[in-house]
Student: 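First, the structure itself, so that you have it in front of you.
Counting starts at 1 for both ligands and their atoms, following the listed order.
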Amino acid sequence: MNLRDPAGEDPLSEAERRQIHYWMRLTRTLDDRIISLWKQGRGLGGTFSQRGHEAISVGAGFALGPDDVVAPMHRDLGCYLLRGMTPARLLASQLGRATGVNRGRDANLHGCGDLDLNIIGFVSHLPQSMPVALGAAMAFQYREEPRVAMTFVGDGSSNTGLFHETLNLAAVHEAPLVVIVENNQYAYSTPISQQMAIEDISQRGTAQGVTSEIIDGNDVGAVHGAATVAVERARSGGGPTLIEAKTMRMLGHAIHDGAEYVPADLIDKWRKLDPLERYEQTLRDDGVSDDRAFGAVAARCKAEVASAVRFAEESEWPDPQTVAEGVYAP
Ligand SMILES: Cc1ncc(C[n+]2csc(CCOP(=O)(O)OP(=O)(O)O)c2C)c(N)n1
Ligand SMILES: [Mg+2]
């Protein structure tokens, strides 16, 4: 389904739909590999599971133009990848090597940014990426550049004052900002019912005067359709949008967390809605791709990730003498 024309055909070309599938598969493959490296004692730092989030990170990121900026968070591996951050650089970061995105400063997605790719590094303090993205959006507006800023935020992070303050300011200034709320039902071990007395986080956007909607976060077509409308609205002066993408965090918060506190039937229910399997079924049904092609994509992703692991493991460790480089206040 797509939100631009729910009854009509997918507005994407077949080639674009196959690209989206490739990015989702690459995200899944890289995530699985990072998890297995960590379990083998070959990984470092935080390993935040991406499983279940692939439709959101890829679908939303795919709606951006090359000059737009994005400030992703810790479950948006797909967005980093499709914006041009390679598995090799990401894995080198994950393993703390000098060739990693942040040159071995932090062995996870924190701080992974590259302004040449229009990716603002993820600010660990949640949801600090929101005001940073708003700042970028307001700068575009001030300079009269037709560019958009997109950022991502979790359900837990939406309980902070800064979430509301950012939306309020964005609405007042009609800033070209797109906020994707990844409602994955948990913040660490706290279920959504213990976080807030409302059902839908989109209400918080509406309350601040931001155009807001709810979508199925496991349907990449829906995510991409809604994000495309929001990006077009922002670019044409129509102001900010909040998209609440409902999904489920399928593993623990990070991989040290077995998520025993999540009811098994809840996971079972969402497993049947796996975003990658669903998209493959859609592409099969629409005659866009088939199992043979899916097998080839999976093999290609596996090979790309294997070569990235070799690159990362053969890379040098950061030189301790450089520890003060690249920090704002040494
Ligand atoms: C200001 C701040 N407080 C606490 C943390 C620690 N922390 C990291 S992730 C996380 C949970 C965030 O939950 P949510 O926003 O729902 O995102 P999810 O991890 O579920 O994708 C917390 C509390 C943090 N990063 N920043
Ligand atoms: Mg959450």
Student: Taking backbone and side chain together, does Gln185 place any N/O/S atom at a distance below 2.8 Å from the Mg ion (ligand 2)?
Tutor: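 It does not: Gln185 brings no N, O or S atom closer than 2.8 Å to the Mg ion (ligand 2).
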
Student: Report yes or no: do Thr247 and Asn184 form a side-chain donor-acceptor pair below 3.5 Å?
Tutor: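 No, Asn184 and Thr247 have no side-chain donor paired with an acceptor closer than 3.5 Å.
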
Student: Using a 4.0 Å heavy-atom threshold (strictly under), name the region of Gln128 that reaches ligand 1: side chain, backbone, both or neither.
Tutor: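 Contact part for Gln128 vs ligand 1: neither.
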
Student: Between Arg204 and Ser158, is any side-chain donor less than 3.5 angstrom from a side-chain acceptor?
Tutor: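 Their side chains do contain a donor-acceptor pair, which is all the 3.5 Å distance test asks for.
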
Student: Checking side-chain polar atoms at under 3.5 Å, does Ser289 have a donor or acceptor matched by the opposite partner on Arg18?
Tutor: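 No, because no side-chain N or O of Ser289 sits under 3.5 Å from a partner of the opposite role on Arg18.
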
Student: Roughly how far, to the nearest 0.5 Å, is CD1 of Ile201 from CD of Gln195?
Tutor: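 Going from the CD atom of Gln195 to the CD1 atom of Ile201 covers 7.0 Å.
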
Student: Give the numbers and elements of all ligand 1 atoms closer than 4.0 Å to a heavy atom of Gly154.
Tutor: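 The atoms of ligand 1 under 4.0 Å from a heavy atom of Gly154 are 14 (P), 15 (O), 16 (O), 17 (O).
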
Student: For atom 15 (O) of ligand 1, what is the nearest protein heavy atom, given as residue, atom name and distance?
Tutor: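 Protein heavy atom with the smallest distance to atom 15 (O) of ligand 1: Ser157 OG, 2.6 Å.
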
Student: Which atoms of ligand 1 have any heavy atom of His253 under 4.0 Å away?
Tutor: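 Those atoms are 9 (S), 10 (C), 11 (C), 19 (O).
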
Student: When you check the side-chain N and O atoms of Glu280 and His21, is any donor under 3.5 Å from an acceptor?
Tutor: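 Yes.
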
Student: How far is atom 22 (C) of ligand 1 from its nearest protein heavy atom, and which residue and atom name does that atom have?
Tutor: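 That would be Tyr188 CE1, 3.3 Å.
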
Student: If only side-chain N and O atoms count, and only distance matters, is there a donor-acceptor pair under 3.5 Å linking Ser212 with Ser202?
Tutor: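 Ser202 vs Ser212: no donor-acceptor pair found between side chains.
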
Student: What orientation do Phe48 and His253 show, parallel under 30°, tilted 30 to 60°, or perpendicular over 60°?
Tutor: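 Judged by the thresholds at 30° and 60°, the geometry between Phe48 and His253 is perpendicular.
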
Student: Among protein heavy atoms, which sits nearest to atom 1 (C) of ligand 1, and what does the distance come to when rounded to 0.1 Å?
Tutor: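 For atom 1 (C) of ligand 1, the nearest protein heavy atom is Leu126 O, 3.4 Å.
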
Student: Below a 4.0 angstrom heavy-atom separation, can you tell me which part of Arg249, side chain or backbone, both or neither, approaches ligand 1?
Tutor: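 No part of Arg249 comes within reach of ligand 1.
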
Student: Between Val69 and Phe140, is any pair of side-chain heavy atoms under 4.5 Å apart?
Tutor: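 Contact flag for Val69/Phe140 side chains = yes.
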
Student: Only heavy atoms of Ser124, strictly under 4.0 Å: list the atoms of ligand 1 that pass.
Tutor: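 Here the atoms of ligand 1 in question are 24 (C), 25 (N), 26 (N).
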
Student: Distance under 4.0 Å to a non-hydrogen atom of Arg75: what atoms of ligand 1 satisfy this?
Tutor: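 Numbered from 1, ligand 1 contributes 18 (P), 19 (O), 21 (O).
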
Student: How far is atom 16 (O) of ligand 1 from its nearest protein heavy atom, and which residue and atom is that?
Tutor: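 For atom 16 (O) of ligand 1, the nearest protein heavy atom comes out as Gly156 N, 2.8 Å.
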
Student: So does Asn183 have any N/O/S atom less than 2.8 Å away from the Mg ion (ligand 2)?
Tutor: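 No N, O or S atom of Asn183 is closer than 2.8 Å to the Mg ion (ligand 2), so no.
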
Student: Say whether Gln281 and Arg284, considering side chains only, have a donor N or O and an acceptor N or O under 3.5 Å apart.
Tutor: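 Side chains of Gln281 and Arg284: pair found under 3.5 Å.
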
Student: Output yes if Asp155 passes the N/O/S-under-2.8 Å test against the Mg ion (ligand 2); output no otherwise.
Tutor: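 Of the N, O and S atoms in Asp155, at least one lies under 2.8 Å from the Mg ion (ligand 2), which means yes.
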
Student: Check each heavy atom of Met73 against ligand 1 and say whether those closer than 4.0 Å belong to the side chain, the backbone, both or neither.
Tutor: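 The side chain, only.
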
Student: Could you tell me whether the side chains of Thr86 and Arg89 share a donor-acceptor contact shorter than 3.5 Å?
Tutor: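 Checked: Thr86/Arg89 side chains show no N/O donor-acceptor pair below 3.5 Å.
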
Student: Should you measure from each heavy atom of His125, which atoms of ligand 1 turn up under 4.0 Å away?
Tutor: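 Reading through ligand 1 atom by atom, the close ones are 26 (N).
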
Student: Under 4.0 Å from ligand 1, counting heavy atoms only, is it the side chain of Phe48, its backbone, both or neither?
Tutor: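 Near ligand 1, Phe48 shows nothing, with every heavy atom at 4.0 Å or more.
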
